[in-house]
2 protein chains.
Amino acid sequence: MAGRAGVSQATVSLVLRDRWRGRVSPARAEAVRAAARELGYRPNEAARALRLGRGRTVLVVVPALTNEFFARMHAGAVRVAEEDDVGVVLYNSPLGSGPARDPFVSAGAAVDGVLASSMAADALTTLSDGGLPLVMLDSAPGGRAAATVNFDIGAATRHVSRHLLDLGHRRFAHIAADVDSWTFRERARVLAEELAAVPGARLLATCRAPIALPGGVLAAEQALAPRAGSRPTALVCDDDLLAVGACKAARRLGLRVPEDVSVTGFDDLTLAVAVEPELTTVHLPGEELGARGMRALLAVLRGERPGTTVLPATLVRRGSTARPPAA
Amino acid sequence: MAGRAGVSQATVSLVLRDRWRGRVSPARAEAVRAAARELGYRPNEAARALRLGRGRTVLVVVPALTNEFFARMHAGAVRVAEEDDVGVVLYNSPLGSGPARDPFVSAGAAVDGVLASSMAADALTTLSDGGLPLVMLDSAPGGRAAATVNFDIGAATRHVSRHLLDLGHRRFAHIAADVDSWTFRERARVLAEELAAVPGARLLATCRAPIALPGGVLAAEQALAPRAGSRPTALVCDDDLLAVGACKAARRLGLRVPEDVSVTGFDDLTLAVAVEPELTTVHLPGEELGARGMRALLAVLRGERPGTTVLPATLVRRGSTARPPAA
DNA sequence: CTGAAAGCGCTTACAG
DNA sequence: CTGAAAGCGCTTACAG
C-alpha cells in the first residue's frame, strides 16, 4: 500500500487514522486516500490491535440470544459500540450455570472489556476471573463489576402487586423462573413484602419453571390445582413466556383469563401482544439496558467510574388482569 | 512468560499449541504448562492472527437478531464454530437494504469468511465486494457464494397450498413479507403455481407488510376487506408474525379462526404455539440451517467445495386451519 | 512536512 | 531436543 502511493507506511497510517493535520501536506493526504480507495485497502486489524495493545473489542455475555429480551439488549449494546467503532463479540452463557468454556478462548479475539447480563450467581464468579473491566446488567450491584445498570425491579414488582391488590385479588401464586439470579430473587422478595403488607393477602404457592412455554404451563397447572378450599385468583409470572404458558394452563383447566384468573408477565415481549387476551406485563426496555450498559463499559475503558444506573420499568395494563370472580 | 519458565518463546508456543511431541522433552512441556497455569497466561490473539495471517474468525450476517428465526440460526452457527475453536463476529444488516456500514470495519477483527442469511438481493451485492469466502443461507443458489444452504421452500409452499386446497379452500390471499429476497419470491411463485393447477382456485389478493405483528394486522385487514362478492377463506402468510397478526385482524372483523378463515404461517416460532388457536405453519429448522451453513463455510476455508445443501421444511398442522365455511 | 526504524507477541523455518 | 532470529502489518516517537 505504502509503495503504491509512493509514500511511507507512516504517512499512510497518519492519513487513514485522520491524524495527519499539520503533519502531512493536504496534497499527499488526498493522494493516499485516493490510492487506498483504488486498492480497496483494508488496514489489518490484528496488526493494529497488536501494536495498540488492545482490540477495540468487547465481549457481550448473555444467557441466551434466542430470548427476545436478550436479543434486544444485544442490539442496544451493538448500536452504541458501533458509534465508537468498537467491535462486539458475543458469548452465550447457558442460563443458570457458569460458562461451559472459557469465553475468552472462544471469542478468539483480544477483548478489552466485558458486558454481562442477568448472570446467575455462580456464572458471575467464573467471569470475574478474567480480570477485565466488567459491567453487569440486571444484576446485584457491587461485586467485582466496575459499573452496574439495572431496572428498578423493586418498583416494578410493587406496581404489579398493587395493581392486582387494588383489583381485589387476595390469593396469589408466583410462577417463578427457575434461575438463581438477582433479578428473580428481587421479584420474589418484593412480592412477598407487598402481600405481607395487606391483611388477608396470601401467597398460596411459588412454582418454579425454566423460562419457556411448557414450563409455564406445568407450573401454572400445579399452582391452580385444587387445594384445601382456595385457589389463587392471580398468577404473577417472572416472564412473559411463563405468563403465556399460565394462560394456556388456565384455559385447559376450564378457567377464563381474566374473568376467573388474572395473569401478569415480565419483559413485554412481542408475545405479550400476540396472545389474546393481551398480557398485562412489566415493560423492560432491553434495548436501552444494552445501550446504557455499553456506554458505561466504554466509559470504564476510558478510565471513568460510571457507578450504578437504574432504569425505570413500567407496568403495562392490558387484558389479562381484571377483578377476581365474585365468589 | 518464556523467561518465567526458563525456556524460549518457541518452546512455549510449541507446547501451548500442542505441537511439541517429538520436539520438546515431556518434562519441559509439563513445566511450561505449569508455568502457564500459574501465571494465568493467555496468548495474545492479535499477535497470533497477525503472524498466521488469519483470525480463526468468521463474520455472520443476519438481517435482525431480534427475530427468533435468525437467533436460532445464529445459535447453530456458533455451536459449530466453537467445535472448531473459530470465533464468530456478528453483523446486523437491516432487512431489505444493504449494510449501513462496512461490516468489516465494524467487526473490528480479521475475518476469514462470511456466513450470510436471507439477504435481500442488493445487500448481497455489497457483501460480495469483500472478496472473502462466502456461504449463503436461505438464498438464491449460485452467484458469488462458494456454497449455499437452503430450505426446500418450494416443497414447503406446495404442502401448505395442497393442505388448504385439500380442505376445500378456493379463495386465497397471500400475506407477503415486504422483503425482496429469494425465499419470499419463491413462496409467491410456488403458491401461484399450485393455485393455477386447480380449477376454481384463485389468489384474490397479495398484501405486503413488514415482518411484524402490526404489519400482519394491516395487511390481513386489507385482504379480508369486503370486495366484489368474494372474500378469501385462506390466508397464506410468509411468517408466523404475519400470521398471528392476520388472526388478530380476522377476530377484529368478527371472523373466527379457523371456522371462518384459515391462516398459515412460516417458521414455527415459539409464537406459533403461544397463540390460540395454535398456528398451522411450516417448520423451518433454523438452528440446523446455521449449523450446516457454518460447517460448509469451515469446509470452504479448508479448501473444499461443499456446493448446495437443501434442508427439508415440514408442514405442521395445528388449529388455525380447517374446512372453509359451508357458504 | 517526511521517512527510517523500533517493537507489539506470536509462529515457524533454521542452525546448533 | 532447544534457542536465536526473522517477520506478520501496523503506530509512534525520532531524526532529518
Side-chain angles (χ1 to χ4, degrees), chain A residues 1-36 39-57 85-87 102 104-105 107-112 131-132, chain B residues 1-36 39-57 85-87 102 104-105 107-112 130-132 301:
Chain A
M1 165 68 202
R4 181 65 160 70
V7 300
S8 77
Q9 255 187 83
T11 307
V12 172
S13 175
L14 255 20
V15 171
L16 262 34
R17 293 300 160 194
D18 212 29
R19 301 175 169 287
W20 61 276
R21 272 154 229 296
R23 295 197 265 184
V24 178
S25 65
R28 289 217 141 187
E30 186 42 45
V32 169
R33 268 191 300 257
L39 267 53
Y41 169 75
R42 209 182 279 299
N44 182 315
E45 287 292 338
R48 181 174 157 75
L50 176 58
R51 176 60 237 243
L52 262 28
R54 67 206 153 72
R56 291 204 66 70
T57 298
D85 214 47
V86 164
D102 182 344
F104 304 100
V105 168
V111 162
D112 300 324
L132 289 166
Chain B
M1 164 68 202
R4 179 66 160 70
V7 300
S8 76
Q9 255 188 85
T11 308
V12 173
S13 174
L14 255 18
V15 171
L16 263 33
R17 292 300 159 194
D18 213 28
R19 301 175 169 288
W20 61 277
R21 272 153 229 297
R23 294 197 266 183
V24 178
S25 65
R28 289 217 141 188
E30 186 43 43
V32 169
R33 270 190 300 254
L39 268 53
Y41 170 74
R42 207 182 279 297
N44 182 317
E45 287 293 338
R48 181 174 156 77
L50 176 58
R51 175 61 235 246
L52 262 30
R54 67 204 153 73
R56 292 203 66 68
T57 298
D85 215 48
V86 164
D102 182 343
F104 305 99
V105 168
V111 161
D112 299 325
L132 290 166
L301 259 22

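Naming: A, B, ... by sequence-line order, numbering from 1 per chain. Fair warning: this is a prediction, and the values are worked out from it, not measured in the lab.
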- Nucleotide paired to D:dA13 in any strand shown, Watson-Crick or G-U, under 3.5 Å: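 For D:dA13, the partner nucleotide comes out as none, under the 3.5 Å rule.
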- Query: Does D:dA4 have a Watson-Crick or wobble mate here (both distances under 3.5 Å), and if so which one?
  - Reply: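 In the structure as shown, D:dA4 has no Watson-Crick or wobble partner.
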Spacing between [X] atom [atom1] and [N] atom [atom2], to the nearest angstrom:
{"X": "B:Trp20", "N": "D:dT2", "atom1": "CH2", "atom2": "P", "answer": "11 Å"}
{"X": "B:Arg23", "N": "C:dC14", "atom1": "CZ", "atom2": "P", "answer": "13 Å"}
{"X": "B:Leu16", "N": "C:dT11", "atom1": "CG", "atom2": "C1'", "answer": "13 Å"}
{"X": "B:Leu14", "N": "D:dT2", "atom1": "CG", "atom2": "P", "answer": "10 Å"}
{"X": "A:Arg51", "N": "C:dA6", "atom1": "CZ", "atom2": "P", "answer": "13 Å"}

- Base, sugar-phosphate alone, or nothing: which one does B:Ser25 contact when heavy atoms must sit under 4.0 Å apart?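 Result for B:Ser25 = sugar-phosphate.
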- Item | Selection from C:dG3, C:dT12, D:dT2 that lies nearest to any side-chain heavy atom of B:Ser13 |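 My answer, after comparing the listed nucleotides, is C:dT12.
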- Message: How close do B:Asp112 and B:Leu301 get, counting heavy atoms only, and between which atoms?
- Response: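 Reported closest heavy-atom pair: O-CD1, 3.6 Å.
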- Message: Please confirm whether the shortest side-chain N or O distance from A:Thr11 to OP1 or OP2 of C:dC1 is below 4.0 Å.
- Response: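 No, outside the criterion.
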